[in-house]
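Read the structure below first, then the notes.
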Amino acid sequence: MITIKENLHYVGVNDRVKHRFEGLWFLPEGVSYNAYLIVDEKVALIDTVDVGFCPELLDNIRAVIGDRPIDYIVVNHVEPDHSGSLALLRQFYPNVRVVGNKKTFDMLSGYYGITPETGLCVAEGDTLKLGSRTLTFHLAPMLHWPETMVTHVADEGILFSGDAFGCFGALNGAVVDRDMDCTRFWPEMERYYAAILGKFGAPVRTALKKLGGLDIRMICPTHGPVWADQAARAIDTYRRMASGTTEEGLVICYGSMYGHTQRVAEAVAQGAAEAGLKRIIVHNLSVTQPSFVLADIYRYGALAIGGPTYNGGIFPVVEDLLKRLAGREVKGRKMGCFGGFTWTPAAVKVIDEYNAKMGLDMVAPGIEWKQKAGDDTLGQARALGHALAQAVMANATQQ
Ligand code: FEO
């Protein structure tokens, strides 16, 4: 338990065991599930934690309020990393009232059998007075699920934001940004956005517009640090990522079985460097975890993707990236592609088909070669790198 400010306590936990968040996204430094306890004339718990950490959450709560009961549990987001402890908590606190909106209860009834009759169903702008503090609820659909809402304490400018403004990375001792070195959290915020919220650019922009009308001096998200001194930077990071603004740089993503596609990827990188581009990132998709690749793609304005033909399609790790990109809002990038084959070509065709959904601006036709990537192919790859560099540098100049 850590006190954030008077009668507002952090009661969340660290998960340093899970390898992959949502079973998908690599967690090299763990993740925190944040929950907050407001102690007033009424006691309110804002969000819970993954069910596996319920005993620790209970200990943290009891360290603050002892045997005093909790009056309300506010569910800003039903995803089980935050609602997972609800059913057990209701056994310890049988009279607690769960607070959520209509969509919240649609989900809670299915997951835990919790219906609005036993709780408090709120709508946009509704308030709940706890004593000296009053909570105001604002719906923020698709930030990250349809039921998502945020909870605001207007007098103090505190926003309990759910997943928004959260990031990967466990909390090492301190909870509030001013009490720690936050350097490692900023790239983890971008990786979190790219992995978890990347599909929902338009709803994020809508939510940011709505939140722009609130006094926000402290952000208490469900993952990562509490943003106080750096709340504005957290909001700006989300605004930038949701807007599609990119930096000058090229991300080259490839899969390779026997090294030929890798040689072509290297030639693309060399061509871009010869053209004067300084920021060039190369990811072997058989090695780098997808969330790191996505975070770089979100950051930079040019992208090259390549892979060999495989079983009449494209090499699986490359198709995995293409699927993830097609399901996200990644717009306005300059694009190039390349792919080899041994007897019947397919890779470039598959990339082109995915790009029909992604809608990126191909700066040149895909490079295709049979068997060994010879000098002609490598020359084309350097030319592609050159074209991508020029395109992204021209874009940066226009911006
Ligand atoms: Fe941290 Fe969408 O759950």
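Remember, it's 1-based here, ligands and their atoms both numbered in the order they're listed.
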TODO: Decide whether Thr115 and Glu117 meet the rule of one side-chain donor and one side-chain acceptor closer than 3.5 Å.
DONE: yes

TODO: Anything under 30° is parallel, anything over 60° is perpendicular, the rest tilted; go ahead and classify Phe200 against His144.
DONE: tilted

TODO: Could you tell me whether the side chains of Ser83 and Tyr112 share a donor-acceptor contact shorter than 3.5 Å?
DONE: yes

Got a list of side-chain donor-acceptor pairs under 3.5 Å for residues 350-370, not counting sequence neighbours?
unit_1	atom_1	unit_2	atom_2	d
Glu353	OE2	Lys349	NZ	3.2
Tyr354	OH	Glu319	OE2	2.7
Asn355	OD1	Leu360	N	3.0
Asn355	ND2	Leu360	O	3.0
Asp361	OD2	Lys334	NZ	2.6
Trp369	NE1	Gln371	O	3.3

- [ ] Please list, in chain and residue-number order, the protein N/O/S atoms closer than 2.8 Å to atom 1 (Fe) of ligand 1.
- [x] Asp81 OD2, His82 NE2, Asp163 OD1, His223 NE2

Open item on the list: Under a plain distance cut-off of 3.5 Å, with no hydrogens placed, do His9 and Thr3 share a side-chain donor-acceptor pair?
Closed with: yes

Open item on the list: For the CZ atom on Arg217, are there more than 12 heavy atoms of other groups (residues, nucleotides or ligands in this structure) within a distance under 6.0 Å?
Closed with: yes

